Amino acid sequence: MTDALLDTIERETGADPQWSVIWLHGLGADGNDFVPIVPELLRPEWPALRFVFPNAPLRAVTINNGARMRAWYDIKDFDLANRADEQGVEESIVQVDALIERERQRGVPASRVILAGFSQGGAITLAAGLRRSTPLAGLIGLSTYLPAAHKAEGWLVEGAANQPLFFAHGTQDPVVPFAAGEQSAALMQRFGFDVSFHRYPMPHSVCAEEIADLGQWLSQRFAAG
């Protein structure tokens, strides 16, 4: 693993942004994947934001016959309990923490950073959130699951549960089953997180109703900060 910062795509919605949203893409995608969501999500009353869309490293993915693609970790097994390569998860958390630190250096403290992720990116968001002793303004997990959930309680640090969590999942998801998302959300809630859980009649994707609900949740975060 390199110590260099991940490559990122950035969009700022106004001058001198005081809030940042770091958004992690899914397996095989890249930072461009969620850039189009910015205009759909924005509300006129929001403060100036910096959206940061990092590119995951290229790595071989076992379940895809070892093909190299952008991935936050290797996927070795279709079984969710053993799906995530734990070393890859840990490396990605370090890389995400470095991006959060860069925002601090640019004048945006952790208390005004939102960490979001879709699918594999959401798994990193949840895993990173458990380890945050300096809480972020919020966590967003979309169509995702908590990797190695049977070990998760051992990763939970004091203060982490102060991060509110928006969790959304499609009931027709063939990639990460809805039940897995529901169970992960319930586990995060048991750990003390304030979880806002939303379900939608969709496959492994994002829908307009979900974006609207997320916008409302983000409005609450900005108002509280």
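Just so it is clear, the values below take in all heavy atoms, side chains as well, and ignore hydrogens, waters and symmetry mates. Just so it is clear, the model here is predicted, and its values are computed rather than measured.
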CG-CD1 distance between L42 and I211, expressed to the nearest 0.5 angstrom: 11.0 Å
Close side-chain approach of R70 to H25, heavy-atom, < 4.5 Å: yes
Worked check of side-chain contact (heavy atoms from CB on, under 4.5 Å) between I75 and L27: CA-CA 9 Å; I75 299 179; L27 175 67; 3.7 Å; yes
Taking every non-hydrogen atom, the tightest pair across S92 and R59: OG-NH2, 4.0 Å
Contact check, side chains of I100 and L136, non-hydrogen atoms, under 4.5 Å: yes
Interatomic spacing from CZ in R102 to CD1 in I22 - rounded to 0.5 Å: 8.0 Å
W23: which of L115, V52, I37, I9 passes side chain to side chain contact (heavy atoms under 4.5 Å, CB included): I37
Side-chain donor-acceptor contact under 3.5 Å, H169 with T171: no
Under 3.5 Å side-chain donor-acceptor pair for Q18 and D16: yes
Pair H204 + F118: ring centers closer than 6.0 Å: yes
Side chains of T125 and T144 in contact at under 4.5 Å (non-hydrogen atoms): no
Donor-acceptor under 3.5 Å (E209 side chain, Y200 main chain): no
Nearest heavy atoms of S143 and S205, plus distance in Å: OG-O, 3.5 Å
Donor-acceptor pair, side chain of Q120 and main chain of W72, under 3.5 angstrom: yes
E158 atom CD, neighbour heavy-atom count above 12 within 6.0 Å: no
H198/F167 aromatic ring centres below 6.0 Å: no
M202/Q172 under side-chain contact (heavy atoms from CB on, under 4.5 Å): CA gap, chis, key distance, verdict: CA-CA 5 Å; M202 64 178 184; Q172 302 159 15; 5.6 Å; no
Minimum heavy-atom distance between A212 and R43, given as atom pair plus value: O-NH2, 2.9 Å
Pairwise side-chain contact, F53 with E10, heavy-atom cut-off 4.5 Å (strictly under): no
Shared hydrophobic cluster, L5 / F51 (ILVMFWY, side-chain heavy atoms < 4.5 Å): no
E12/R106 ion pair, N-O < 4.0 Å: no
Exam field: side chain N64 to backbone A67, donor-acceptor pair closer than 3.5 Å: no
Indicate every side-chain donor-acceptor pair of residues 216-225 with a distance under 3.5 Å to a residue at least two apart or in another chain.
from, atom 1, to, atom 2, distance (Å)
S219, OG, W46, NE1, 2.8
S219, OG, G215, O, 3.1
R221, NH1, W217, O, 3.2

Side chain N55, main chain D30, donor-acceptor under 3.5 Å: no
Validation row: V89, I124 side chains within 4.5 angstrom (heavy atoms): yes
Contact check, side chains of L165 and I140, non-hydrogen atoms, under 4.5 Å: no
NZ/NE/NH1/NH2 to OD/OE distance under 4.0 Å, E90 and R131: yes
Heavy-atom side-chain proximity of S20 to L49 below 4.5 angstrom: no
Verdict with supporting geometry, V96 and I93, side-chain contact (heavy atoms from CB on, under 4.5 Å): CA-CA 5 Å; V96 169; I93 290 171; 5.7 Å; no
Side-chain H-bond candidate by donor/acceptor type, Q95 with E91, under 3.5 Å: no
Name the atoms and distances for all side-chain donor-acceptor pairs under 3.5 Å in residues 182-193, with sequence neighbours left out.
from, atom 1, to, atom 2, distance (Å)
E182, OE2, R199, NH2, 3.2
S184, OG, L146, N, 2.9
S184, OG, A180, O, 3.0

Pair R112 + E103, salt bridge at N-O below 4.0 Å: no
Close side-chain approach of P54 and D7, heavy atoms under 4.5 Å: no
